[in-house]
There are 2 protein chains.
Amino acid sequence: MRPKLNDVAREAGVSPTTVSRVINNHGYLSEKTKNKVFQAMKKLNYQPNSIARSLHGKQTNLIGVLFSSVSNPFFGELVEKIENKLFKSGYKTILCNSADNKEKERVYLNMLIANQVDGIIAGAHNLGIKEYEKVGLPIISFDRYLSSTIPIVSSDNYLGGVLATQELYQSGARKIYLFASSHTPNSPTDKRRTGYLETMEKLQLEAHEKVIASTMASSVKALMIKQILSTEQIEGIFCTDDLTALIVLQQAKELGIRVPQDLKVIGYDGTQFIQNYHPELTTIAQPINDMAELLVELLLKRVTDEQSELKEHYVLPIKLIRNQSSSQFM
Amino acid sequence: MRPKLNDVAREAGVSPTTVSRVINNHGYLSEKTKNKVFQAMKKLNYQPNSIARSLHGKQTNLIGVLFSSVSNPFFGELVEKIENKLFKSGYKTILCNSADNKEKERVYLNMLIANQVDGIIAGAHNLGIKEYEKVGLPIISFDRYLSSTIPIVSSDNYLGGVLATQELYQSGARKIYLFASSHTPNSPTDKRRTGYLETMEKLQLEAHEKVIASTMASSVKALMIKQILSTEQIEGIFCTDDLTALIVLQQAKELGIRVPQDLKVIGYDGTQFIQNYHPELTTIAQPINDMAELLVELLLKRVTDEQSELKEHYVLPIKLIRNQSSSQFM
DNA sequence: TCCCATATGTCAATCGTGCGTCATAAATTT
DNA sequence: AAATTTATGACGCACGATTGACATATGGGA
């Protein structure tokens with residue numbers, strides 16, 4: 001049986017009250033007693049039962065972190081950063097991978113409530129606004145509108161779309177396609193798309209959109225992309241995520257389409273992983289670390305003070321990382 | 001304020017005891033009352049406070065999942081599978097990224113104890129055996145020996161080393177190098193190494209080892225590998241992880257070393273990610289899904305019944321995925 | 001009619017800790 | 001010597017739900 005506060009008191013030869021005082025550094029305490037208690041705690045390997053403490057109206061220091069999947073490097077890196085920053089502030093992360101499953105997301109939301117988490121960082125958004133509003137807990141959303149009371153953190157998706165398109169144009173491409181991973185209004189991808197469309201219009205070029213659904217198996221994506229590449233004359237492709245861009249590079253190679261000579265490709269996300277292991281890929285890098293930091297900071301602000309006034313939308317700058325896959329070829 | 005059991009009772013017009021009985025399906029209950037209570041729960045959006053329930057000696061249904069990092073695709077995929085399987089069994093995952101930091105791992109362990117988790121899946125092992133034994137909770141270890149009472153789940157690292165080496169040999173390589181990500185006895189990498197060394201001896205070939213520390217920044221790794229590739233005559237490389245193998249491929253390309261004509265490369269791990277996005281890489285695939293399943297199954301067995309007899313070591317089979325990077329060239 | 005299974009309510013203890021109140025005693029200041 | 005400050009103990013309530021004991025009521029079957 002795990003030792004309790006009373007066991008520590010007995011071991012240290014003091015009253016339970018004193019032990020509690022030592023733990024919470026509350027009231028008058030002599031160094032001598034403190035030491036006695038600390039030693040007893042160490043000897044018994046005592047850890048205050050945070051369940052009991054939480055029940056007493058205190059915080060649980062648990063934060064629900066809800067994303068669709070951590071096996072995607074982008075979310076993996078983001079979640080890792082979030083977890084790190086939460087840890088530094090003394091909070092624990094309950095990981096929730098909704099796998100784009102509405103039902104799972106709903107069950108998770110209820111679980112989190114039942115577990116009395118202090119707040120939620122939500123990056124998986126298959127549920128309606130209502131369900132999130134019903135939660136009644138501090139929530140910060142990553143990259144999607146949930147409700148007017150839930151602040152959003154995102155990077156500048158629109159500018160990303162603009163820059164990506166301009167980059168392809170400037171490196172010589174004219175027939176520029178958009179490979180979008182989905183097509184839902186209110187989704188970040190959509191603003192990247194808007195950036196693309198408006199820029200194409202300004203450039204007086206015809207827009208071409210292909211939806212490469214993120215739910216498809218990657219082999220299916222590959223097939224689909226191969227099909228497109230082999231039938232259409234394309235000079236530049238803006239993929240709304242890096243992984244799709246990788247498949248494009250792969251398929252282009254198989255078809256003997258040279259990158260960047262015949263085809264220029266630009267991705268989106270710019271994870272550390274992509275930068276390290278695919279330094280050839282031009283991409284729009286989201287500030288993963290800053291986003292994680294802001295998400296945590298805003299959430300903890302709300303957790304500490306429910307009334308704290310937050311903006312509705314925080315947009316962080318993106319950065320074009322220019323590499324060989326989009327370089328001008330002479 | 002979140003509704004309590006008493007509020008539900010009032011709303012349903014029954015006693016608190018009855019509500020509790022309905023929730024726990026305990027004692028005699030009429031359908032009529034059950035329905036009244038369920039409706040009241042729904043109306044108030046009531047979630048039983050699991051903190052309070054846990055305090056009552058019940059399980060917390062929280063499991064600590066301790067790995068070094070989820071941004072590494074291998075761990076990302078493994079953790080995601082684990083989280084999924086835990087969820088299916090009604091358990092919640094507390095994610096702990098120790099970042100190979102001893103102190104963080106220790107703090108995490110204490111946090112998990114304080115939070116009364118029902119058990120721990122440990123895949124980060126920077127601490128001594130003692131600290132893990134002291135925990136006094138069901139623990140299952142991934143891939144490393146912690147103590148005789150803590151079962152280990154791993155894949156067949158030794159056989160992986162053997163197969164990898166044989167594959168390189170059979171495809172024609174004679175000067176076969178090992179690029180190991182670390183060199184600690186008791187670590188899985190070490191058995192891969194043993195497999196390599198023994199196979200090389202059987203083949204009467206000279207072994208060559210290089211340590212490409214996993215702690216190094218990938219740019220440093222790249223530099224180091226470039227250096228090695230450009231100074232030594234190598235025909236085959238067995239990398240103890242796929243990411244290192246990717247760097248090898250990358251650097252070989254830069255140096256004009258053709259793969260597989262001049263150099264054959266084989267990696268290790270075989271994540272879905274690698275299979276999808278680097279189908280050219282031959283690799284030893286660990287059964288990520290089966291490992292996750294077994295880890296969870298064993299842990300829950302221990303959680304449910306402390307006394308359940310488990311083996312000390314569970315070794316799951318690996319699989320050679322043969323691709324172009326190691327193919328015989330004629 | 002009596003009994004028993006079914007259905008619900010009342011009451012109180014319990015889980016481990018936090019914390020306020022009161023009491024007491026020693027140490028320190030005035 | 002009196003008044004404070006410092007240090008500790010004892011006690012009890014609270015947190016929200018669980019659970020057992022006990023009481024009571026209804027209905028159906030023997």
Side-chain angles (χ1 to χ4, degrees), chain A residues 1-41 44-62 110-111 113-118 136, chain B residues 1-41 44-62 110-118 136-137:
Chain A
M1 204 55 196
R2 198 161 301 297
K4 312 172 191 197
L5 191 138
N6 276 312
D7 302 325
V8 177
R10 202 178 319 116
E11 176 72 30
V14 300
S15 78
T17 308
T18 304
V19 176
S20 174
R21 281 182 184 139
V22 171
I23 291 170
N24 298 287
N25 200 22
H26 184 263
Y28 294 117
L29 290 166
S30 69
E31 282 304 315
K32 215 179 72 185
T33 322
K34 275 193 203 171
N35 285 332
K36 269 196 298 183
V37 172
F38 283 135
Q39 274 178 31
M41 283 172 59
L44 300 180
N45 196 27
Y46 170 79
Q47 290 291 130
N49 183 335
S50 52
I51 295 277
R53 309 178 87 175
S54 306
L55 186 55
H56 207 270
K58 299 219 156 188
Q59 292 186 6
T60 55
N61 282 25
L62 288 171
N110 287 333
M111 254 192 190
I113 296 173
N115 275 279
Q116 307 280 108
V117 296
D118 294 335
Chain B
M1 203 55 194
R2 198 162 301 297
K4 309 172 192 195
L5 189 139
N6 277 313
D7 302 326
V8 178
R10 202 178 319 115
E11 175 72 29
V14 298
S15 78
T17 307
T18 304
V19 175
S20 175
R21 282 182 183 137
V22 171
I23 291 170
N24 297 286
N25 200 23
H26 184 265
Y28 293 119
L29 290 166
S30 69
E31 282 305 314
K32 215 180 72 188
T33 323
K34 277 193 202 171
N35 285 333
K36 268 196 300 185
V37 172
F38 283 136
Q39 275 178 33
M41 284 172 59
L44 299 180
N45 197 27
Y46 169 78
Q47 291 289 130
N49 183 333
S50 53
I51 295 278
R53 310 179 84 179
S54 306
L55 188 55
H56 226 272
K58 297 217 160 192
Q59 293 187 5
T60 55
N61 282 25
L62 289 170
N110 288 333
M111 251 192 191
L112 291 176
I113 296 173
N115 275 278
Q116 307 281 106
V117 296
D118 294 334
L137 276 175

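Within every chain, numbering begins at 1; the chains are lettered A, B, ... in the order of the sequence lines, protein sequences first and strands thereafter.
Considering all non-hydrogen atoms of both residues, A:Ala40 and A:Glu11 come closest at CB-CG, 3.5 Å. When all heavy atoms of B:Pro48 and A:Ala114 are compared, the pair lying nearest together is O-CB, 3.6 Å. A pairwise comparison of heavy atoms in A:Tyr46 and A:Leu5 identifies CE1-N, 3.5 Å as the closest pair. Closest of all the heavy-atom pairs between B:Ala52 and A:Leu55 is CB-CD1, 3.8 Å.
Using a 4.5 Å cut-off on side-chain heavy atoms (C-beta onward), B:Ile113 and B:Asn110 make contact. In this structure, the side chains of B:Asn115 and B:Thr60 stay at 4.5 Å or more apart for every pair of heavy atoms.
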Letter per nucleotide, 5' to 3', of nucleotides 6-19 of chain C [B base touched, S only sugar-phosphate touched, - untouched; heavy atoms, 4.0 Å]: BBBBBB--BBBBBS

Classify every nucleotide of nucleotides 24-30 of chain D by which part a protein heavy atom approaches to under 4.0 Å, writing B for the base, S for the sugar-phosphate alone and - for neither, in 5'-to-3' order. -------

Between B:Lys4 and B:Asp7, is the salt bridge (charged side-chain N to carboxylate O under 4.0 Å, His left out) condition met? List the steps. CA-CA 5 Å; B:Lys4 309 172 192 195; B:Asp7 302 326; over 6 Å; no

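With rounding to whole Å, A:Asn25 atom CG is found 12 Å from D:dA7 atom P.
Using modelled atom types and a 3.5 Å distance limit, the side chains of A:Asn24 and A:Arg53 yield a donor-acceptor pair.
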